[in-house]
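Contents: one structure, followed by commentary.
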Amino acid sequence: MDLRYSPEQQIFEKEVREFTRENLDPNVARKVLEGCRLEREDFLSWHRALHKKGWVGVGWPKEFGGTGWDATQQHIFDEVTADAGAPQLIPFGLRMVAPVIMNFGNKAQQDYHLPKILSGENWWCQGYSEPGSGSDLASLKCKAERVGDHYIVNGQKTWTTLGQHADWIFCLVRTSSDGRQQEGISFLLIDMKTPGITVRPIIMLDQEHEVNEVWFDDVKVPVENRVGEENKGWTYAKFLLSHERTGIAGVGRCKRIVKRLQNVAKKALANGKPLIEDVRFRDRLAQVEIDLRALEITLLRVLDAEREKRQPGPEASLLKIKGSEIQQVLTELTMMAAGPAALPYVREGDNGAPDVEWLSDEAFRYATGHYFNFRKTSIYGGSNEIQRNIITQLVLGL
Amino acid sequence: MNFSLTEEQTALKDSIGKFLERDYTFDDRWKVIRSPEGWSREHWNQLAEIGLMALPVAEADGGLGGGVVDTMVVMEQIGKGLVLEPYLGCVVLPAALIKAAAGTEEAQRTSLSEGLASGETLYAFAHTEPGQRYERASVALAATPQGDGYVLSGKKISVLGGDCADVLIVSAKVPGDTEASLFVVPATAAGVTRHAYPMQDAQRGADIQFSNVTVGADALLGARGKAQAAIDYALDVACAALCAEAVGAMTELQKITIEYLKTRKQFGRALGTNQALQHRAVDMLMHVEMSRSMALEAAVSVDNPDAAARAKAISGAKTLVSQACRFVGQNAVQLHGGIGVTHELNTSHYFKRLTMISVTFGDGDWHLARYGDALLHAA
Ligand SMILES: Cc1cc2nc3c(=O)[nH]c(=O)nc-3n(C[C@H](O)[C@H](O)[C@H](O)COP(=O)(O)OP(=O)(O)OC[C@H]3O[C@@H](n4cnc5c(N)ncnc54)[C@H](O)[C@@H]3O)c2cc1C
């Protein structure tokens, strides 16, 4: 039993730190640290740098070009890069559809898609949810009719994160209405350039464009773009969801925000004194750091236990709940730290933006918007209520 | 004990209610949000016609002489309709300030109150400063004596209604004084630069720079170096008003959420059939009801001459209501799922206003500390 890093792990940590220092675009890092919205290219420049080094396939098996790192190495990588202000790699390709293709796709799909996911050439988005099918995903209606060697897809997906940037979308579609809902779903890979696809923005409460509606109007998808068997898509979908959930915990990023918040609290003034001297605020900072440490160790325990298996268990739900709650607390604390500076609405590059020079730290600039935005974390990836239902049934057996 | 509204108060409530129904639907409000000013003079005049601007001004000063409960009734409706017109910033707060600071100086009081009561002159209280956070007595903006008058230099931030006010009431400190003074400054005075912006909840505000702004001795509102009690009073009135507004907004948001739980179906049944969500909705309701009680306590305590008792009542209410704003707002969004985090639906607009209320003029922690201080210093 030892919670410290071994000498080899410390060497690895140093290597990651140095690589990040040399290869992360300082402008991207600044944007991440200041909480600005990132452009497509901001994500991709870091992705490509990692790809050159062979460090994109974190958690992927070596045979597919993965790093082959163990749980601790993955964690070190996450923590060190996040701390430096590296953007999070977009998970839809790397952490979601890739494991599905590896486990259930055919050789042709693996050969075609996996290298393009690794290189960042193809940006993926997730077409699961529909207006009528959120928590009750299996009720989805978006229809795919088999005509010759194509499927004709009609219907709508929604909440599609960063779909405006995507080259490909993986979709759950209804291929049969007989029997149980779960038994009529198939898993399709669809090129976003296919005629008949329309992407419409949904503006979120922080007034940013992050999610979309994706409409399908007689979209022709070759049958060879179906992963696995027809009507077996639900199995693959669930497999993917558990991968999504471990990813959501975001421990590295939270650690960076905690550190930053502590620094901010030392500088920001409350009645002429540093905010950190306010015992109520300090208690809150202390509490969230304690909770985060507990989450971190739990994450490492779960990753370690999962090392042998390829699929995360229902424990992933626990990480998702706790991780999202901590992220929400952190954004809320940052807003609280801002005090009266929480009120103005600041938008990057806005002419009408308030005079923010006086803000003691630019961390406050987007604090309230982030707080609003992060209400999403307890809703997406399967809401926290649904995660609790899963734990109730699968872990507690109630 | 009597918890019922008077006939006049009920009539007041009804007429604002009618205004909201007829002229302030969510679509009307969108138009206001998208207008360059972010509020509507037309709505303002309608509200003035109902008597809202004259309400908090004494009859002797040309007002209707309404009491704190009347203000509570109004603010609840304003919360319900998420009204963007700057009633709190440009009427409730300055009216309280003028009343408390000018005190017995009748001429000054009356001349300031006239335009306020008619709705023609908009006032704003420029008080908050960078680094001050919520501390009411820490004023750094300098008022340096010069000739008969003063020169004002410094900066105010997050001024409610600071975007549109014609006249600013500015807290400032004369070097050597221990307490702040208040100055009445036209927003167009030379040396006043305001940086207006929308706030997170679509209301408007401004940061205001004062660079060597010269004012005469007659700009002083009340006695020099003796403004702290008036500032505290006015901010307490504003906090009580915010509590009432929060109750109005929370009640509406609670209603919207229950309606959604009844209509939205997943797994072949209404969301509201899930016990986890039922219990959450009950907890929301409890927060709303506790807030309603504390908003009442705040309203009836605002004019308590015992300042310590007033501080406890107001800060107790603001602490509890801030917590409720958070719980009710967050859970209304959560229970709506994805649609709750969209800009398009009113749910997020209520959530945002409630969030802003919770951090305006002291967040829950600050008011809890103030309440605690009152315990510590109680005889
Ligand atoms: C910012 C954001 C990004 C997203 N990105 C994507 C994406 O890229 N791709 C994609 O496919 N989807 C995405 N989603 C969709 C997300 O997965 C759904 O929003 C989520 O599954 C909830 O569904 P819903 O919004 O329809 O809410 P509903 O299912 O209608 O739920 C409403 C509320 O009821 C609760 N509830 C529902 N059923 C139960 C139950 N049985 N027991 C207890 N409580 C219950 C929920 O927890 C929630 O609080 C995203 C969502 C958001 C907000």
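Here is how names work: the chains are called A, B, and so on, in the same order as the sequence lines, proteins then strands, and each is numbered from 1.
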Heavy-atom proximity to chain A below 4.5 Å, by part of [X]:
X	value
Thr355(B)	side chain
Ala206(B)	neither
Arg204(B)	neither
Leu277(B)	side chain
Thr342(B)	both

Could you tell me which portion of [X] (side chain, backbone, both or neither) has an atom closer than 4.5 angstrom to a non-hydrogen atom of chain B?
X	answer
Ser135(A)	both
Ser133(A)	backbone
Glu332(A)	side chain
Ile202(A)	side chain
Met336(A)	both

Heavy atoms only, distances under 4.5 angstrom: which of [options] has the most pairs with chain A? Name it, please.
options	value
Ser358(B), Gly338(B), Gly337(B)	Gly338(B)
Val359(B), Asp363(B), Val341(B)	Val341(B)
Gly340(B), Gly205(B), Ser138(B)	Ser138(B)

- prompt: In residues 321-331 of chain B, which residues are in contact with chain A at a heavy-atom separation under 4.5 Å?
  reply: Arg326(B), Gln330(B)
[atom1]-[atom2] distance between [X] and [Y], expressed to the nearest 0.5 angstrom:
X	Y	atom1	atom2	answer
Asn274(B)	Ile386(A)	CG	CD1	7.5 Å
Asp365(B)	Arg284(A)	CG	CZ	4.0 Å
His336(B)	Arg375(A)	NE2	CZ	14.5 Å

query: Taking only residues two or more places apart in sequence or in another chain, which ones pass salt bridge (charged side-chain N to carboxylate O under 4.0 Å, His left out) with Asp232(B)?
result: Arg136(B)
Quick check: do [X] and [Y] have side-chain heavy atoms less than 4.5 Å from each other?
X	Y	value
Glu344(B)	Ile203(A)	no
Pro340(A)	Gln132(B)	no
Arg280(A)	Leu368(B)	yes
Leu343(A)	Tyr197(B)	no

task: Using a strict cut-off of less than 4.0 Å between a Lys/Arg side-chain nitrogen and an Asp/Glu carboxylate oxygen, indicate whether Asp278(A) and Arg133(B) qualify as a salt bridge.
output: no
query: Where does the angle between the aromatic ring planes of Phe351(B) and Phe372(A) fall among parallel (under 30°), tilted (30 to 60°) and perpendicular (over 60°)?
result: perpendicular
query: With distance as the sole test, does Gln200(B) use its side chain to make a donor-acceptor pair with the main-chain N or O of Pro344(A) at under 3.5 Å?
result: yes
message: Can a donor-acceptor pair be found, under 3.5 Å and without considering hydrogens, that links the side chain of Asp136(A) to the backbone of Gln266(B)?
response: no
Heavy-atom pair with the smallest gap, counting every atom of [X] and [Y]:
X	Y	value
Val333(B)	Ile379(A)	O-CD1, 4.0 Å
Asn384(A)	Gln334(B)	N-NE2, 4.3 Å
Lys352(B)	Leu205(A)	NZ-O, 2.6 Å

task: Please test Ser348(B) against Met204(A) for side-chain contact (heavy atoms from CB on, under 4.5 Å), starting from the C-alpha separation and ending with a verdict.
output: CA-CA 9 Å; Ser348(B) 69; Met204(A) 278 178 60; over 6 Å; no
